[in-house]
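One structure is given here, and the rest of the page talks about it.
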Amino acid sequence: MTAPVFVVDTVPPPGGFLLDGPEGRHAVSVKRLRAGEELVLTDGNGAWAACTVAAAEGKDQLTVEVTAVHEDPAPAPRITVVQALPKGDRGELAVETMTETGVDAIVPWAASRCITQWKGERGLKALAKWRATARESGKQSRRTRFPEVADAMSGKQVAALLAGADFAAVLHEDREHPSGALATAELPARGEIVLVVGPEGGVSPEELALFEEAGAKPYRLGHSVLRTSTAGTAAAALVLGRTGRWS
């Protein structure tokens with residue numbers, strides 16, 4: 001899919017449609033789409049419509065002709081990344097690259113060693129930024145299913161999530177702790193894969209024990225230690241390739 005993607009609440013049926021508001025403004029004033037060009041309308045949940053521009057009106061309205069409507073099935077296996085809260089804007093960077101890579105869900109995790117903590121209004125604003133980043137990165141990468149960004153979870157909530165997964169891995173860089181190679185782990189063809197990415201200070205022994213009790217095993221990506229903002233993307237790319245989702 002190479003046509004630019006725009007988000008609508010509900011994908012329209014074949015026929016004429018007016019794209020206005022912020023998405024219409026972006027199409028007309030930023031993308032500068034003109035009659036005859038193609039675009040895609042999606043609800044971000046798998047439904048999408050192939051469209052052709054009929055006319056641009058003013059600075060924020062685009063009349064399009066919907067030529068076909070499609071529904072992309074949910075990919076399998078489903079990949080969720082539990083992302084410990086990074087410092088500064090590295091959280092948005094992690095969400096952006098994981099979205100572009102193809103992650104299906106992202107769970108913010110308030111790990112015990114996180115310097116950043118989401119509390120009160122600050123936490124709500126940070127979560128809104130992550131969700132906005134997932135939406136915009138989904139459009140940029142031409143996805144029709146944008147990743148879900150869950151509410152921030154505690155360690156116990158993450159453990160409950162891991163307990164229900166078909167494959168659960170904690171990316172752990174401590175060489176003193178026995179761990180397997182994610183590159184050779186046996187992965188399911190369907191179901192749910194959950195990958196846990198710790199903070200810069202690493203996953204604490206208590207959290208590691210909690211997650212192992214829930215069924216998750218420690219894995220390493222390689223000999224080097226990745227930053228928390230890039231580890232999830234690297235792990236997801238490895239899993240996407242090994243499960244055939246990038247075939």
Side-chain angles (χ1 to χ4, degrees), residues 1-81 83 89-106 124-150 229-230 232-233 236-237 240-241 243-247:
M1 185 183 299
T2 57
V5 172
F6 299 90
V7 181
V8 291
D9 292 333
T10 303
V11 174
F17 179 77
L18 180 64
L19 182 65
D20 55 8
E23 293 293 272
R25 185 177 304 109
H26 188 73
V28 175
S29 301
V30 179
K31 291 294 187 181
R32 299 185 182 277
L33 297 181
R34 295 295 180 261
E37 294 189 86
E38 296 180 346
L39 71 146
V40 167
L41 300 178
T42 183
D43 62 0
N45 294 313
W48 62 281
C51 308
T52 302
V53 177
E57 303 173 15
K59 295 182 179 181
D60 61 358
Q61 292 187 333
L62 200 70
T63 301
V64 303
E65 183 69 22
V66 178
T67 57
V69 177
H70 307 271
E71 180 78 28
D72 286 341
R78 176 181 166 88
I79 299 172
T80 296
V81 174
Q83 173 67 58
D89 60 358
R90 288 190 173 274
E92 288 95 277
L93 173 63
V95 172
E96 180 180 57
T97 54
M98 285 191 288
T99 299
E100 293 173 357
T101 303
V103 165
D104 302 299
I106 300 168
L124 294 176
K125 288 182 179 179
L127 178 60
K129 282 185 178 180
W130 280 35
R131 287 174 172 165
T133 299
R135 171 189 165 106
E136 293 307 310
S137 298
K139 290 166 55 179
Q140 178 67 35
S141 54
R142 307 296 197 261
R143 290 182 61 166
T144 60
R145 284 186 179 273
F146 301 161
E148 303 169 14
V149 179
S229 53
T230 54
T233 299
L240 285 161
T243 56
R245 282 187 49 177
W246 273 5
S247 298

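In this chain, numbering begins with 1 at the start of the sequence shown.
- Counting all heavy atoms, side chain and backbone alike, Pro75 lies closest to Arg145 at CD-CD, 4.1 Å.
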Check: Does the side chain to side chain contact (heavy atoms under 4.5 Å, CB included) test come out yes or no for Lys31 and Phe6, once each step is laid out?
Finding: CA-CA 11 Å; Lys31 291 294 187 181; Phe6 299 90; 4.0 Å; yes

Next item on the list: Please test Arg142 against Glu100 for salt bridge (Lys or Arg N to Asp or Glu O under 4.0 Å), starting from the C-alpha separation and ending with a verdict.
Entry: CA-CA 9 Å; Arg142 307 296 197 261; Glu100 293 173 357; over 6 Å; no

Item checked: Test log, rule side chain to side chain contact (heavy atoms under 4.5 Å, CB included), inputs Trp130 and Ile106 -> CA-CA 9 Å; Trp130 280 35; Ile106 300 168; 4.1 Å; yes

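- Atom OG1 of Thr144 is separated from atom NE2 of His70 by 10.5 Å, given to the nearest 0.5 angstrom.
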Next item on the list: Go through the steps to decide whether Glu57 and Leu62 satisfy the test side chain to side chain contact (heavy atoms under 4.5 Å, CB included), and finish with yes or no.
Entry: CA-CA 6 Å; Glu57 303 173 15; Leu62 200 70; over 6 Å; no

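- In terms of heavy atoms, Thr101 sits closest to Trp246 at O-NE1, 3.4 Å.
- For the pair Arg90 and Glu96, the salt-bridge criterion is not met [side-chain N within less than 4.0 Å of a carboxylate O].
- The two residues Val95 and Ala134 come nearest to each other via the heavy atoms CG1-N, 3.8 Å.
- Taking the charged nitrogens against the carboxylate oxygens, Glu92 and Arg131 have no contact shorter than 4.0 Å, which rules out a salt bridge.
- In this structure, Leu240 CG and Thr233 OG1 are separated by 10.5 Å, a value rounded to the nearest 0.5 Å.
- The line from CZ of Arg245 to CZ of Arg78 is 9.5 Å long, rounded to the nearest 0.5 Å.
- Judged by distance alone, with hydrogens and angles left aside, the side-chain atoms of Arg143 form no donor-acceptor pair with the main-chain N or O of Gly44 at under 3.5 Å.
- One finds the OG1 atom of Thr10 at 11.5 Å from the CG atom of Leu41 (value rounded to the nearest 0.5 Å).
- Side-chain N or O atoms of Glu23 include one that pairs as donor or acceptor with a backbone N or O of Val7 at under 3.5 Å.
- Among all heavy-atom pairs drawn from Pro14 and Val69, the shortest one is CD-CG2, 3.9 Å.
- Glu37 and Thr52 are not linked by any side-chain donor-acceptor pair at a separation below 3.5 angstrom, with hydrogens and angles left out of the test.
- In this structure, NZ in Lys129 is found 13.0 Å from CG in Leu124, a value given to the nearest 0.5 Å.
- The local environment of CD in Glu136 is crowded, with over 12 non-hydrogen atoms from other residues, nucleotides or ligands closer than 6.0 Å.
- Side-chain atoms of Thr97 come within 3.5 Å of backbone atoms of Ala94 as a donor-acceptor pair (strictly under, hydrogens ignored).
- Scanning all heavy atoms of the two residues, the minimum distance from Val66 to Ala49 falls at CG1-CB, 3.7 Å.
- Partner of Phe146 under the side-chain contact (heavy atoms from CB on, under 4.5 Å) criterion, chosen from Asp104, Thr42, Thr99, Asn45: Thr42.
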Margin query: Could you walk me through whether Val28 and Asp60 satisfy the side chain to side chain contact (heavy atoms under 4.5 Å, CB included) test, starting with their C-alpha distance in whole Å, then the side-chain angles of each, then the deciding distance to 0.1 Å, before giving a yes or no?
Written below: CA-CA 6 Å; Val28 175; Asp60 61 358; 6.0 Å; no

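- Within the 4.5 Å cutoff, the side chain of Pro4 has heavy atoms near those of the Leu33 side chain.
- Annotation: Glu65, atom CD; neighbour count of heavy atoms from other residues, nucleotides and ligands within 6.0 Å is above 12.
- Of all heavy-atom pairs between Leu127 and Val149, the closest is CD1-CG1, 3.9 Å.
- The pair Lys59-Asp20 does not meet the salt-bridge criterion, since no charged nitrogen lies less than 4.0 angstrom from a carboxylate oxygen.
- Note that the OG atom of Ser229 and the CD atom of Gln83 stand 7.5 Å from one another [nearest 0.5 Å].
- A 4.5 Å side-chain heavy-atom check between Val64 and Leu39 finds at least one atom pair inside the cut-off.
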